[in-house]
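Report on one structure; see the data block that follows.
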Amino acid sequence: MKFCIVGAGIFGSTLARLIAEGLHAEVLLLDARDHVGGNCASYRDEITGIECHRHGSHIFHTSNAEVWNFLNRFTIFTNYQHKVFTRHAGAVYAMPINLLTINHFYGRDFTPNEAAAFLEQEKARDAVAEPANLEEKAVSLIGRPLYDAFIRDYTRKQWGKEPTAIAADVITRLPVRMNYNNNYFNDTWQGLPREGYHALFVNLLDHPNITLRLATPFAKVRGNLDKDCIIIYTGMLDALLEYKHGVLEWRSLRFEWETVPVQDYQGTSVMNYADRDVPYTRIHEFKHYHPERTKPFAYPASVICREYPHTFSRGDEAYYPVDNERNRMLYQRYLDEITASEPNLLVGGRLGAYRYWDMDKAVAHALDLFKTRLAGLPN
Ligand code: UDP
């Protein structure tokens, strides 16, 4: 076997397909878990038939035509458009912050220009020339009162740190709009795989050159690989080197699942909880992702899950890399050492790259790695 990919998430699975198809080479794809899709995986709940996202809501969105065209070979995407709401002090508001949120919060009926002028005054009260962290950045975008209501405590729960200790660009994931557009994303294309993420991954990996082995840790097969086998490793780099320089910091999540005996529990797919007195950050209600599936949608019960962020310890599932100086340096140290000692090993994916990537960025990096590092190799 010439290629071995460690991790059947969206990065590893995309690369397996590209190698199998583009190089006509055999690929061994491993995953320690017993399912494909990594953190994007979905399954159908046996009782209700609802498509559930195993590791929290995943909505596909991109402005990258190459990524969009590639994935459209393996699924039809629905026209689902993500809308999020947030609870604060006994009321429900629209997220991301848009004209509806602003008017509702301030009890006003601003036009777009009026809202922009009003927010300029709010922002001027706490003006920071160069925002250096999440709090300063958020206040510079929306002013202190909206920040205190919708961002401060949610962020504390999400990251387990003060927002002043979090990288500024985390907050720029969220749009701020002076109109009533309540779409959570700004991208050109958006949707959900019509038959679910699991089916998308099954199609992606359905190629005679791909051998998939689930529930198989890398350590179990590593010694049996050919000497010249090219390994693409998408797991955590500190784990690969047995944490010899220390543990990379991640934020982990715990999901509390419940099937509730009501047709519609919260009226939408994601409800955020902005306040500190509620210990979870959000509740996902999965049937809202597929309203076109009329039977599960009408079923008189619903599958929900509450999301609780927590500190990562070795052995936990890693979700969010914690971007700061210490972690960047530690990551680089592991990467340099691996690059020097393992010329046949490439790294990638959200875990391997230690980057807060959305699904489309992971696919884009797989396409790029294939073109720049693998496409010219003999099979
Ligand atoms: N965020 C917030 N309040 C919200 C939603 C998001 O403060 O209601 C902040 C929080 O710091 C979070 C960041 O914005 O980590 C990015 O949010 P996003 O929804 O993109 O995070 P993800 O879906 O990747 O968990």
Side-chain angles (χ1 to χ4, degrees), residues 10 38-40 53 55-62 81-89 91-98 100-102 104-105 131 133-177 182-187 190 192 249-255 266 268-276 278 280-284 289 305-312 317-324 350-351 354-362:
I10 199 159
N39 280 3
C40 320
H53 299 179
H55 303 277
S57 289
H58 279 72
I59 299 92
F60 192 81
H61 56 98
T62 191
Q81 300 289 307
H82 198 40
K83 309 265 167 39
V84 173
F85 296 86
T86 186
R87 281 185 176 273
H88 163 64
V92 175
Y93 296 86
M95 277 299 275
I97 288 168
N98 64 79
L100 190 62
T101 326
I102 296 166
H104 184 178
F105 181 71
N133 58 56
L134 191 150
E135 175 169 311
E136 290 177 6
K137 183 74 189 173
V139 170
S140 78
L141 291 168
I142 56 175
R144 173 89 40 196
L146 286 165
Y147 164 78
D148 284 348
F150 299 114
I151 308 297
R152 187 190 60 204
D153 292 344
Y154 184 99
T155 297
R156 281 181 176 148
K157 290 193 285 186
Q158 168 68 18
W159 294 95
K161 290 180 193 294
E162 283 305 307
T164 46
I166 299 166
D169 41 312
V170 169
I171 201 63
T172 54
R173 291 173 57 84
L174 302 186
V176 178
R177 302 197 188 96
N182 189 24
N183 201 316
Y184 204 64
F185 306 112
N186 274 333
D187 281 315
Q190 188 178 156
L192 288 164
E249 200 182 351
W250 294 87
R251 196 71 179 145
S252 190
L253 300 174
R254 179 172 69 81
F255 295 105
Q266 62 182 13
T268 194
S269 34
V270 176
M271 180 67 72
N272 288 355
Y273 285 78
D275 297 339
R276 65 198 320 172
V278 178
Y280 40 86
T281 48
R282 48 190 169 186
I283 298 182
H284 311 260
Y289 285 125
C305 96
R306 296 181 184 83
E307 180 173 326
Y308 296 81
H310 69 90
T311 307
F312 170 86
E317 308 263 22
Y319 284 87
Y320 299 91
V322 179
D323 179 24
N324 61 30
R350 182 158 158 154
L351 297 186
Y354 198 60
R355 297 292 291 275
Y356 189 174
W357 282 340
D358 289 330
M359 288 179 278
D360 68 323
K361 297 289 180 303

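For ligands, and for the atoms within them, numbers begin at 1 and follow the listed sequence.
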* Asked: Side-chain donor-acceptor pair under 3.5 Å between His55 and Tyr319, yes or no?
  -> yes

* Please determine which of Thr164, Val139, Ile151, Thr172 meets the side-chain contact (heavy atoms from CB on, under 4.5 Å) test together with Leu134. => Ile151

* **Test applied, side chain to side chain donor-acceptor pair (under 3.5 Å); reference residue, Asn183; option that passes from Gln190, Lys83, Arg177** =>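 Answer after filtering Gln190, Lys83, Arg177: Gln190.
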
* Neighbouring residues of ligand 1, heavy-atom cut-off under 4.0 Å ->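 The answer is Met95, Leu134, Phe150, Ile151, Tyr154, Thr155, Gln158, Trp159, Val170, Ile171, Arg173, Leu174, Tyr184, Asn272, Arg282, Tyr320, Tyr356, counting any residue whose heavy atom sits under 4.0 Å from ligand 1.
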
* If every non-hydrogen atom of Ala149 is compared with every non-hydrogen atom of Phe105, which pair is closest and at what distance? ->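 Where Ala149 meets Phe105 most closely, the heavy atoms are CB-CE1, 3.6 Å.
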
* With sequence neighbours left out, what residues match Ser140 under side chain to side chain contact (heavy atoms under 4.5 Å, CB included)? -> Pro131, Lys137

* When you measure from the centre of the six-membered ring of Tyr320, is the NZ or CZ of Arg350 under 6.0 Å away and within 45° of the axis? ->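 Ring-cation test returns yes.
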
